[in-house]
Amino acid sequence: MNNQVRYYKPFISPLDPCPPIKVKSFSMPPQLFITFQPPNLPQFSPHEALRYGTLWPMLYSPYDPKNDRQEEGD
């Protein structure tokens, strides 16, 4: 499980004509929790950095639209 994904339960109106989505999710980017760049951060190799889209592993945020960000509804 990805700890960067948060879930919440939105308000469901009894007058809403659409079927309700009971649990929604959103992604929290890791750069929100870093106030400044610490010295000597570990780095990906150039090939890995291009693959992951960032040079620093602590700023990597995976995107999996099928599993983590799937919104559940009944």
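Computed from a prediction, not measured in an experiment: that's the story for all the values here.
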| Does any non-hydrogen side-chain atom of I34 lie less than 4.5 Å from one of L59? | yes

| task | Could you check if a side-chain atom of P30 sits within less than 4.5 angstrom of a side-chain atom of Q4, using non-hydrogen atoms only? | result | yes

| note | Between S61 and S27, the two heavy atoms sitting closest are OG-OG, 4.2 Å

| Minimum heavy-atom distance P10-Y8, with the two atoms named | CD-O, 3.6 Å

| message | Test question: given the 4.5 Å side-chain rule for I, L, V, M, F, W and Y, name all other residues clustered with F44, or answer none. | response | Y52, Y60

| request: Output the distance between atom CD (Q43) and atom CG (N40), rounded to the nearest 0.5 Å. | output: 9.5 Å

| query | Could you give the distance from CD (Q31) to CD (Q37), rounded to the nearest 0.5 Å? | reply | 12.5 Å

| Given the rule in the side chain to side chain contact (heavy atoms under 4.5 Å, CB included) test, do Y7 and K24 qualify, once you have shown the distances and angles that lead to the verdict? | CA-CA 6 Å; Y7 299 94; K24 292 189 177 186; over 6 Å; no

| query | Does one hydrophobic cluster hold both I12 and F26, with members joined at side-chain heavy-atom distances below 4.5 Å? | reply | no

